[in-house]
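Structure first, then comments.
Below, chains carry the letters A, B, ... as their sequence lines are ordered, and counting in each starts from 1. Keep in mind it's a predicted model, so treat the numbers as computed, not measured.
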2 protein chains.
Amino acid sequence: MTSSDYHRQNLRGTLLELAEQTVRTVGVEALSLRQLARDAGVSHAAPARHFRDRRALLDALALAGFERLGASIDAAAAGEGPFAVRFRDAAHAYVGFAVENAELLGLMFTIKHEEGASAELVETARRGIESIVALLARGQGEGEVAPGDPERLAQVVFATVHGVALLVTGGLLDGTTASDLTDSAVDVLLRALPVPSGEGARAALAEG
Amino acid sequence: MTSSDYHRQNLRGTLLELAEQTVRTVGVEALSLRQLARDAGVSHAAPARHFRDRRALLDALALAGFERLGASIDAAAAGEGPFAVRFRDAAHAYVGFAVENAELLGLMFTIKHEEGASAELVETARRGIESIVALLARGQGEGEVAPGDPERLAQVVFATVHGVALLVTGGLLDGTTASDLTDSAVDVLLRALPVPSGEGARAALAEG
DNA sequence: ACCTGAACACCGTTCAAGT
DNA sequence: ACCTGAACACCGTTCAAGT
């Protein structure tokens, strides 16, 4: 059984796997449907059966990326420890994903501000922010986060962590490690988020 | 005198102008050297005289973008007002640039983490962070910012503002305006940056 | 010095035809 | 249903030749 026989059972999945490898190794720009078809051992016209065009394949790749990233953040944020620890873990999960999937992250966040981006893709991306909203709302419930619109706070938090991820993948760090910068950003946020009187978050930060 | 006669005196500049318009209207992906040559009224091989390849043209475009962005931030940060006002103005300058040049910003920050990015481009991008370092160091000198490595603080600040810019251009805002989110992010940073005892920054924030 | 025209090796996309 | 092969209209890049 040759690999092309094997793949023929599930060409769509095979193309996605090959595409992710290609994105990882040579970048999005260099990804070609014809080369993918050659790698999969099918004709150059075969991919069109599974993806309407090149963008549809990239959308599917980005969607899978958002799902993996979301699961990783949720796992970190839904822990049992103190708020500050969960918060820090979630940030590290995000930046860790960015480091390991730099090209994919770039694809995920450039694809949606094009005309006619799939609604499913935008929806999945938005759900990532909602995970942070939930984390912050839970922090407010525990008295660790100052009251206020958790959605707005979540946007700022998301922006900060995403910005850290991009600085990292963009190679603008100049000696600082990704993990150190993430901790610095979390420190700044933890200094700003808690209610002024509450010391709980700060204590947890010292332990975590 | 036809436009091609005019342009022939400065084809490089003409191509850059046309390229920026193209990026703005149809996006980076859709930019083709051959179409650019047609728009400029020259043969498809002419651009090669001025740009070694497609990427060299995009690099030049990104470089011009970083220079404009840097000038805009510097103008805001070098003002005479209180620290918090200069800080807020610089953040708004950054996000404003992002809103008006969304596609260009994306190009600016994707191009450098490719192999063989021009050193000049990386250097110009880095200078943007240095502007923020200088602003924060000046804030420390005025007692408005807690002591500590200003470079590290600047990276966090830059990450936050850049993240806000990307949330905005990425269309993940959902009703919040770019300016409002920028203010929220600045509020968070101004709550975290000042020395705990100093009230100067908070007072300036209330005025600004 | 600067540009042209032809050439080469690629693309994405479509579509009749095959199984 | 799924894939193939040919065809079309594009690309980027190179290079001898022109002015």
Could you tell me how far apart [X] ([atom1]) and [N] ([atom2]) are, to the nearest whole angstrom?
X     : N     : atom1 : atom2 : value
A/N10 : D/dC3 : CG    : P     : 10 Å
B/R12 : C/dC2 : CZ    : P     : 12 Å
A/L11 : D/dT4 : CG    : C1'   : 13 Å
B/L36 : C/dC3 : CG    : C1'   : 16 Å

For nucleotides 11-15 of chain C, print each protein N/O atom paired with a nucleotide N/O atom at under 3.5 Å, atom names and distance only.
from: C/dC11; atom 1: OP2; to: A/R38; atom 2: NH2; distance (Å): 2.6
from: C/dC11; atom 1: O5'; to: A/S32; atom 2: OG; distance (Å): 3.4
from: C/dG12; atom 1: OP1; to: A/L33; atom 2: N; distance (Å): 2.8
from: C/dG12; atom 1: OP2; to: A/L33; atom 2: N; distance (Å): 3.3
from: C/dG12; atom 1: OP2; to: A/R34; atom 2: N; distance (Å): 3.0
from: C/dG12; atom 1: N7; to: A/R34; atom 2: NH1; distance (Å): 2.6
from: C/dG12; atom 1: O6; to: A/R34; atom 2: NH1; distance (Å): 2.8
from: C/dT13; atom 1: OP2; to: A/R54; atom 2: N; distance (Å): 3.0
from: C/dT13; atom 1: O4; to: A/R34; atom 2: NH1; distance (Å): 3.2

Item to check | salt bridge (Lys or Arg N to Asp or Glu O under 4.0 Å) involving B/D89 - partner list, sequence neighbours excluded | outcome: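 Scan of B/D89 (salt bridge (Lys or Arg N to Asp or Glu O under 4.0 Å), adjacent residues dropped) gives none.
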Checklist entry - So how far is it from B/L189 CG to B/F87 CZ, rounded to the nearest 0.5 Å? => result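 Between atom CG of B/L189 and atom CZ of B/F87 there are 4.5 Å.
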Next on the checklist: For the OG atom of A/S72 and the CD atom of A/E100, what is their distance to the nearest 0.5 Å?
Outcome noted: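 Going from OG on A/S72 over to CD on A/E100, the span is 9.5 Å.
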Item to check | Nucleotide pairing, DNA chain C (Watson-Crick or G-U, distances under 3.5 Å), in dot-bracket with [ ] and | | outcome: ||.|||||...|||||.||
Item to check | Stepwise side chain to side chain contact (heavy atoms under 4.5 Å, CB included) test for A/L11 and A/R49 | outcome: CA-CA 9 Å; A/L11 183 54; A/R49 290 285 131 192; over 6 Å; no
Checklist entry - For the residue pair B/F158 and B/F109, does the interplanar ring angle fall in the parallel (under 30°), tilted (30 to 60°) or perpendicular (over 60°) class? => result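 B/F158 and B/F109: tilted rings.
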Next on the checklist: Looking at B/Q155 and A/L173, would you say the former's side chain and the latter's main chain have a donor-acceptor pair under 3.5 Å?
Outcome noted: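 Pair found, side chain donor or acceptor close to backbone of A/L173.
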Next on the checklist: Between B/N101 and B/F97 (side chain of the first, backbone of the second, donor and acceptor by atom type, cut-off under 3.5 Å), is there such a pair?
Outcome noted: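 Answer holds: yes.
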Checklist entry - Going by an N to O cut-off under 4.0 Å, is there a salt bridge joining A/E20 and A/R24? => result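 Salt bridge present between A/E20 and A/R24.
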